[in-house]
Amino acid sequence: MPSRSAGVISQDWEPIVLNRRRQRTSELRDPKAVNQAIRAGAVVETVKKHDAGSNKKASSALSGAVVNARKLDEQTEPVALDRVPAEVRLAIQKARIAKKLSQVDLAKAICEKPQVVQEYESGKAVPNQAVLSKMERILEVKLRGKGIAKA
């Protein structure tokens, strides 16, 4: 039989805990957690981000390479969207009144919100062909194309 030494036997490794949950970054940023870490003597790093959360231009070194997004959008897209023309607004109003419908009744008939009908009649809405076709069907007038009704 092999002989054993009479010395003290001990472990030479550290125990590893496998069930411990990692802290989330939101928990690490919590002021209470930061204060607790400072009291415990842990090293806490704070970084102030300059211009964080703002939509300012980049630093002067990069300003030549960075193009303002608003200017780029204005060059590629029209600034003002088309609104409902006056003859369409009047045709909707006259046809609705001729059918003895309120704006709410018309909205229910076309499965839209009453605000949609109100915006079309006041000229604030951007024309949607699907909504106009529903109105044409219920009001029995032409609202799109060349033959707009002059009721």
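Bear in mind the structure is a predicted one, so any value in this text is a computation, not a measurement.
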Query - Closest non-hydrogen atom pair, Asn128 against Tyr120 - result: N-OH, 2.8 Å
Query raised in the report: What residues form a side-chain contact (heavy atoms from CB on, under 4.5 Å) with Gln118, not counting sequence neighbours?
Result: Gln103, Ser122
**Report entry** Donor-acceptor under 3.5 Å (Arg83 side chain, Gly123 main chain)
**Finding:** no
Report summary line: Separation between NZ (Lys94) and CZ (Arg89), nearest 0.5 Å, reads 12.0 Å
Report task. Identify, with sequence neighbours excluded, every residue that meets side-chain contact (heavy atoms from CB on, under 4.5 Å) alongside Gln129. Result -> Leu132, Arg144
Requested in this report: Could you tell me whether Lys108 atom NZ has more than 12 heavy atoms of other residues or ligands within 6.0 Å of it?
Outcome: no
Requested in this report: Any chance you could measure Asn35, atom CG, to Asp30, atom CG, to the nearest 0.5 Å?
Outcome: 9.0 Å
Query raised in the report: Is the closest side-chain heavy-atom distance between Ile138 and Leu101 below 4.5 Å?
Result: yes
**Report entry** Heavy-atom closest pair, residues Pro127 and Asp82
**Finding:** CD-O, 3.3 Å
Query - Intermediate values then yes/no, side chain to side chain contact (heavy atoms under 4.5 Å, CB included), Arg96 and Met135 - result: CA-CA 9 Å; Arg96 179 180 58 80; Met135 285 185 183; over 6 Å; no
Report task. Decide yes or no on side chain to side chain contact (heavy atoms under 4.5 Å, CB included) for Val131 and Val117, but give the supporting numbers first. Result -> CA-CA 9 Å; Val131 174; Val117 175; over 6 Å; no
Query raised in the report: Can Lys100 and Asp105 be said to form a side chain to side chain contact (heavy atoms under 4.5 Å, CB included), step by step?
Result: CA-CA 9 Å; Lys100 296 182 180 168; Asp105 295 335; over 6 Å; no
Report task. Check whether any side-chain heavy atom of Val126 sits under 4.5 Å from a side-chain heavy atom of Val84, and report yes or no. Result -> no
Query raised in the report: Residues in side-chain contact (heavy atoms from CB on, under 4.5 Å) with Val43, at least two apart?
Result: none
Query raised in the report: How about Val141 and Glu136: do any of their side-chain heavy atoms sit closer than 4.5 Å?
Result: no
Query raised in the report: Is a side-chain donor or acceptor of Gln93 paired with a backbone partner of Glu121 at a separation under 3.5 angstrom?
Result: yes
